[in-house]
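This report concerns only the one structure given below.
Residue numbers start from 1 in every chain, and the chains themselves are labelled A, B, ... in the order their sequence lines are given, proteins ahead of strands.
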2 protein chains.
Amino acid sequence: MADQSQGASTRQRDESRRQERAGRILDAAAGLILRWGYSKTTIDDIARQAGVAKGTIYLHWKTREDLFGALLRREKLGLADDIRQRIADDPAGSALRGALKHSALALMKRPLLKAVLLRDLDVIGKLAHGERNSAAQLERLTGFKTYLEFLRDCNLVRTDLSLRSQEYVVSAIFMGFFLAAPLIPEEFTLSDDEIADLMAETVHRTLEPDRAVPADELQNASHAFLRYLNHATKTAESSFSEM
Amino acid sequence: MADQSQGASTRQRDESRRQERAGRILDAAAGLILRWGYSKTTIDDIARQAGVAKGTIYLHWKTREDLFGALLRREKLGLADDIRQRIADDPAGSALRGALKHSALALMKRPLLKAVLLRDLDVIGKLAHGERNSAAQLERLTGFKTYLEFLRDCNLVRTDLSLRSQEYVVSAIFMGFFLAAPLIPEEFTLSDDEIADLMAETVHRTLEPDRAVPADELQNASHAFLRYLNHATKTAESSFSEM
DNA sequence: CTATGACCAAATAGTCTTAATCAGTCATTT
DNA sequence: AAATGACTGATTAAGACTATTTGGTCATAG
């Protein structure tokens with residue numbers, strides 16, 4: 001006999017409906033967590049918001065933490081996709097400055113990840129806590145390091161500066177432009193796009209040589225960054241920890 | 001008659017002893033607050049540590065908050081002095097980059113103010129809380145603005161960038177290099193001096209024109225920054241609020 | 001076979017009472 | 001007059017107990 005009782009397409013459809021429902025649940029969780037914070041968001045709330053019974057949620061994830069882990073993972077993968085999209089739409093700006101600018105802009109549109117990055121404890125609670133120097137974060141940074149090393153080999157960033165320093169500079173600029181916004185009095189803040197552009201310019205002037213870069217080298221840089229993204233994506237897929 | 005019962009020199013000596021004792025008390029408070037945090041530091045602790053009776057503390061300050069206000073004020077004035085000293089010792093590096101570098105280095109040596117800046121709540125508790133957008137902070141920023149405006153007038157910083165953006169860039173760089181250190185995994189951090197130098201270089205390459213600057217213009221810049229410092233100092237003297 | 005929601009144990013929040021601590025005062029000592 | 005530390009009232013912590021909530025399960029319905 002071919003199939004027991006259901007056709008392959010049925011099984012497939014069931015699986016896709018399942019995925020869609022999982023997505024709805026995660027959507028509900030994301031919305032609630034942003035509105036009420038991590039610790040105040042209960043499984044019952046999520047079930048009600050998603051229009052499923054509580055038990056259904058446990059058909060998808062074993063524990064509450066698994067659910068939030070999946071949510072963060074989805075956010076990270078989505079972020080990586082957004083960045084890839086932006087880079088694809090702007091191949092000219094794919095050197096280091098472009099990578100940072102597009103990452104920043106994409107990140108600003110993801111309030112959950114923004115909260116994680118800014119360690120906005122009201123929102124994420126202890127979800128991403130106690131993992132500050134987690135293996136994943138380290139791996140992410142070392143992945144970034146190989147990207148930077150590649151850029152150095154291509155002379156797409158200055159080489160008269162140690163790799164270590166360069167890493168610190170990139171991190172500091174990225175975090176600074178991000179963190180400054182909420183800490184500065186309102187009347188001094190700028191729009192997301194202005195911030196991203198200024199960040200890009202800062203990185204450019206500080207770390208990139210001012211020679212004109214041929215298009216094919218930009219392609220290389222672009223590919224290297226995509227490799228980094230893919231690497232980061234892979235580690236995100238297999239781990240629960242924070243950014 | 002001349003004096004009632006004590007000579008002027010005696011009165012003077014008493015006053016200086018008084019000042020010295022006030023200093024000892026503030027020293028004790030600073031040490032305890034750094035070790036145990038603001039909320040866990042009691043007046044009794046401070047008195048014991050300073051070797052005075054509790055009542056004596058109230059001969060100097062009306063309330064606990066007054067004491068901590070005085071402590072913060074003293075720290076701020078000391079910081080300003082340190083910065084002035086550094087600038088005086090390095091007149092060549094007194095353009096914007098030097099101002100930031102010296103401010104950063106001076107600040108790093110003042111753990112209490114560093115905690116306030118980094119909003120290290122474990123240390124400062126609610127001491128500097130609820131004043132985020134305080135009038136003092138605003139005034140400080142506007143004071144900095146006039147400094148920046150002066151630098152623009154002298155062509156000591158780029159003018160092809162709005163003042164507003166420039167302010168944001170300076171803030172972001174300053175905060176970024178500061179905040180990155182504790183958030184980055186240990187094996188990626190740098191020494192204070194390295195950080196300050198990188199910060200200075202970043203500010204230089206991002207905001208300063210690369211023309212060679214004559215010594216007399218540097219003098220001007222130096223004076224302008226000292227004016228800003230004096231302004232900030234004055235507002236610190238008259239107010240209790242945070243940095 | 002899937003989805004549900006009543007159900008349970010465990011954790012959390014709330015309530016009340018008691019004990020301890022602390023900021024600030026002031027009578028006493030030096 | 002200056003300095004002290006025992007004292008006080010008010011705030012906070014601790015504890016004991018109860019009520020509520022919540023993560024997770026599972027027998028049942030569809």
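A search for side chain to side chain donor-acceptor pair (under 3.5 Å) contacts involving A/Q49 returns nothing, not counting sequence neighbours. Partners of A/T146 according to the side chain to side chain donor-acceptor pair (under 3.5 Å) rule, which considers only residues two or more places apart in sequence or in another chain, do not exist here. Applying the side chain to side chain donor-acceptor pair (under 3.5 Å) criterion to A/D27, with sequence neighbours excluded, gives A/R74. Residues meeting the side-chain contact (heavy atoms from CB on, under 4.5 Å) test with B/F174, sequence neighbours left out: B/L100, B/S103, B/A104, B/L107, B/L117, B/F178, B/M199.
Atom-to-atom, NZ of A/K40 to C1' of D/dT20 comes out at 13 Å; the value is rounded to the nearest Å. One can place CG of A/D44 at 9 Å from C1' of D/dT21, the figure rounded to the nearest angstrom. In this entry the distance linking CZ of B/R48 with C1' of C/dA23 reads 15 Å, nearest Å. In this structure, CD of B/E65 is placed 14 Å from C1' of C/dG24, rounded to the nearest angstrom. Taking atom CD1 on A/I57 and atom P on D/dG23, their separation rounds to 9 Å, with Å as the unit. Following rounding to the nearest Å, A/I46 (CD1) and D/dG23 (P) show an atom-to-atom distance of 8 Å. At whole-Å resolution of the value, NE2 in B/H60 and C1' in C/dT25 are 17 Å apart. Rounded to whole Å, the distance from OH on B/Y38 to P on C/dA23 is 9 Å.
Taking 4.0 Å as the cut-off between side-chain N and carboxylate O, A/R48 and A/D45 count as a salt-bridged pair.
Distance OH/B/Y58 to CG/B/L67: 8.5 Å, rounded to 0.5 Å.
Nearest to the side-chain atoms of B/R64 among the listed nucleotides D/dT22, C/dC22, C/dG24 stands C/dG24.
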For nucleotides 27-30 of chain D, tabulate all protein N/O to nucleotide N/O atom pairs closer than 3.5 Å, reporting atom names and distance.
none

Footprint string (nucleotides 2-8 of chain C, 5' to 3'): B base within contact, S backbone only, - free, heavy atoms under 4.0 Å: -SBB---
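Smallest separation of non-hydrogen atoms from A/T41 and A/R64: O-NH1, 2.6 Å.
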